[in-house]
Amino acid sequence: MKTTFLSNEFRGSAPYIDAHRGCTFVIHVEGEAFESPCEALIQDLALLHTLGVKLVLVFGCKPQAQAALARYEHPLQLLRGRWIVDQDGMAVIAAQTQQLRMMIEARFSVGLPNTPLHGLDIVTVSGNFVMARPFGVRDGVDGLYAGDVRHVRSDAISELLARDMLVIIPPIGYSSTGELFDLDSTEVASQVAIAMQADKLILLGQHDGIRSEDGALQHQMEPEQARQLSTASMPEALRHQLEAACFAARKGVKRTHILNWNDRDALLGELFTRDGMGTMITQERYEQLRTATSADIAGLMELLRPLEERQILVPRSRERLEQQIGDYTVIDRDGMTIGCAALHSYAQEGCGELACVAVHEGYRDGERGTRLLEAIEQRARKQGLRQLFALTTHTAHWFLEHGFLPAGIDQLPEARRSAYNTQRNSKVLIKPLV
């Protein structure tokens, strides 16, 4: 049987392999993920570890604990979404958590036999890294051994990560008086990520990510945008993940991700492809519109080459781009130039040329061309220009749709008119800037 090697995808992952090396990822996996075979997930985590990612794995144990409490006919009561946990219930939860922790550690046992990662030597470690306080009395009811995160021993975790260990943290907290508390595992992951100032918080649940009202998966959002989509109709578990992700992002975690553990491609697809597989929430703009710099020249040339080969755009040499780089506005998507436009000013005539409008073919389903035009118009107004003109052989309709009007060659500024290429026979369009 012949196997196809996805060389383009592998080459495309190279920048991410380099970027993630040495970074700290806090990954939360809910307990339901361990109810079914989880070898693929363990292999993916092991792969991240061997690629140099510093991993903190926080796991949930809710279904396992709930099933054990049911076997003991121990009743469960909820208090604001949390279990009320008495002393006997805490003993059952602690036992189930310990059992699940050992099972996870066994999966990372030396060599990972019968897997593509056979021979790896991964050392895992757990401990009393999370200090807790009681959930307290709410609505007149005592939560007893239900707890909240009080403090994370981030220095101890960092020391272990520096020694190339994989840290595993259960949803159990420890008090200064020697008591154990049942914690919400999602909160634990969020608080650990904040305390560590982690590069990523990854929440693996049973949903692909956040979807808009029309059902479209939102691949990248800012916390405020995400908050607006948090509604009562959203599944409770997903809303809880969303709140934790937004909180961590606001507290300095660079990027938070919501993924589906049922999708075996989700974790690696999110981390090693440009568009990802789930929802990323970040305070930083994953896709930025900005003025170009000399560092963008290679990306510009790669973006423009297909359009130049099809004679949609006039070829531009590296030297020309270097000389005019300050005229360009680019859309940068996580280090890749996916759009550009240039404003060449003819200040004496009070006009400017909108040139080299281009959007990568894989990203033409949005309004990026319009965003580029708006940015160029804003730059032109700041320069005191009264109108824009454009020359095109293929996309006159787009310019007309955006307020440009047909014009003659004689309406071009003199310098541009003398350089007009009659063989291309480009159409001239002008837009007043009012």
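All values reported here derive from a predicted model rather than from experimental measurement.
Q206 is linked by a side-chain contact (heavy atoms from CB on, under 4.5 Å) to E30, E32, W261, N262, counting only residues two or more places apart in sequence or in another chain. Scored by the side chain to side chain donor-acceptor pair (under 3.5 Å) test, S158 finds no partners at all (sequence neighbours excluded). In this structure A358 satisfies the side-chain contact (heavy atoms from CB on, under 4.5 Å) test together with L303, L304, L307, L313, C340, sequence neighbours excluded. Looking at residues two or more places apart in sequence or on another chain, you find a side chain to side chain donor-acceptor pair (under 3.5 Å) between H257 and K200, E270. Shown here are the side chain to side chain donor-acceptor pair (under 3.5 Å) partners of E308, two or more places apart in sequence or in another chain: there are none. Listed by chain and residue number, F25, F272 satisfy the ring pair (Phe, Tyr, Trp, His ring centres under 6.0 Å) test with H20 (two or more places apart in sequence, or in another chain). Judged as a ring pair (Phe, Tyr, Trp, His ring centres under 6.0 Å), and not counting sequence neighbours, the contacts of F399 are F404. Residues meeting the side-chain contact (heavy atoms from CB on, under 4.5 Å) test with H402, sequence neighbours left out: T370, L373, W398. Looking at residues two or more places apart in sequence or on another chain, you find a salt bridge (Lys or Arg N to Asp or Glu O under 4.0 Å) between E353 and R416. Legend: residues meeting side chain to side chain donor-acceptor pair (under 3.5 Å) with D263, ordered by chain and number and at least two apart, are absent. Here P134 pairs with F181 under the side-chain contact (heavy atoms from CB on, under 4.5 Å) rule; sequence neighbours left out.
Within the 4.5 Å cutoff, the side chain of I157 has heavy atoms near those of the I169 side chain. Side chains of V428 and Q411 form no contact here, defined as non-hydrogen atoms less than 4.5 Å apart. V130 has its side chain out of reach of Q191: every pair of non-hydrogen atoms, C-beta onward, lies at least 4.5 Å apart. Taking 4.5 Å as the limit, every side-chain heavy atom of N425 sits out of range of all side-chain heavy atoms of T393. Between P406 and L400, the closest side-chain pair of non-hydrogen atoms falls below 4.5 Å. Taking the side chain as every heavy atom from C-beta outward, L203 and L242 never approach each other to under 4.5 Å. Looking at heavy atoms from C-beta onward, T124 lies out of side-chain contact with I104 at the 4.5 angstrom threshold. When side chains are defined from C-beta on, P306 does not count as touching E361, because their heavy atoms never get closer than 4.5 Å.
When the shell of 6.0 Å around CZ of R386 is examined, it contains 12 or fewer heavy atoms from other residues, nucleotides or ligands. Within 6.0 Å of the CD atom in E322, the count of heavy atoms belonging to other residues, nucleotides or ligands exceeds 12. Atom CD of E302 has 12 or fewer heavy atoms from other residues, nucleotides or ligands within 6.0 Å. Counted within 6.0 Å of CZ on R264, heavy atoms from surrounding residues, nucleotides or ligands total 12 or fewer; the atom is thus considered open.
Checked by atom type and distance alone, the side chain of R82 pairs as donor or acceptor with a backbone atom of D182 at under 3.5 Å. At least one donor-acceptor pair under 3.5 Å links the side chain of R368 to the backbone N or O of Y363. Between the side chain of Y346 and the main chain of E414, no donor-acceptor pair closer than 3.5 Å is present. Under a 3.5 Å cut-off, the side chain of H219 and the backbone N or O of G278 do form a donor-acceptor pair. Although no hydrogens or angles enter the test, the distance criterion places no donor-acceptor pair under 3.5 Å between the side chain of T97 and the main chain of P170.
In this structure, the separation between SG on C246 and CD on Q241 is 11.5 Å, given to the nearest 0.5 Å. Atom CZ in R239 sits 6.0 Å away from atom CD in E236 (nearest 0.5 Å). Of the inter-residue distances, the one linking S418 atom OG with I409 atom CD1 reads 12.0 Å to the nearest 0.5 angstrom. Q387 CD to I430 CD1: the interatomic distance, rounded to the nearest 0.5 Å, is 4.5 Å. In this structure, the separation between CZ on R138 and CG on L79 is 7.0 Å, given to the nearest 0.5 Å. Atoms CZ and CG, from F135 and D184 in turn, are 9.5 Å apart once rounded to the nearest 0.5 Å.
Of all non-hydrogen atoms in A132 and L183, the two that sit nearest each other are CB-CD2, 3.9 Å. Summarising the geometry of I122 relative to A46, their closest heavy-atom pair is CD1-CB, 3.5 Å, with the distance given to 0.1 Å. Residue A244 comes nearest to L201 through the heavy atom pair O-CD2, 4.4 Å, listed as atom of the first residue, atom of the second, then distance. For the residue pair T291 and D296, the shortest heavy atom distance occurs at O-OD2, 4.5 Å. In plain terms, the two heavy atoms of L289 and A375 that are nearest each other are CD2-CB, 3.5 Å. Contact detail for Q423 and N421: the closest heavy-atom pair is N-OD1, 2.9 Å.
For residues 54-65, the side-chain hydrogen bond (donor to acceptor under 3.5 Å, both in side chains) pairs, not counting sequence neighbours, are E35-Q64.
The existence of a salt bridge linking D332 and R290 is confirmed by a sub-4.0 Å separation between a basic side-chain nitrogen and an acidic carboxylate oxygen. Comment: R80 does not engage D148 in a salt bridge, judged by the lack of any side-chain N to carboxylate O separation of less than 4.0 angstrom.
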Requested in this report: Kindly indicate, with the supporting measurements, whether the criterion side chain to side chain contact (heavy atoms under 4.5 Å, CB included) is fulfilled by F108 and I42.
Outcome: CA-CA 7 Å; F108 285 109; I42 297 297; 3.8 Å; yes
Query - side chain to side chain contact (heavy atoms under 4.5 Å, CB included) between I93 and W83, worked out - result: CA-CA 11 Å; I93 292 172; W83 291 346; 4.0 Å; yes
Query - Chi angles and distances behind the side chain to side chain contact (heavy atoms under 4.5 Å, CB included) call for R333, H360 - result: CA-CA 11 Å; R333 185 176 177 84; H360 189 283; over 6 Å; no
Query raised in the report: Would H207 and N260 count as a side chain to side chain contact (heavy atoms under 4.5 Å, CB included) if you check the C-alpha gap in whole Å, the side-chain angles of each, and the deciding distance to 0.1 Å?
Result: CA-CA 5 Å; H207 300 275; N260 190 339; 5.7 Å; no
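Results of the side-chain contact (heavy atoms from CB on, under 4.5 Å) test with T282 over E222, M221, K254, Q220 single out Q220 as the only residue that passes.
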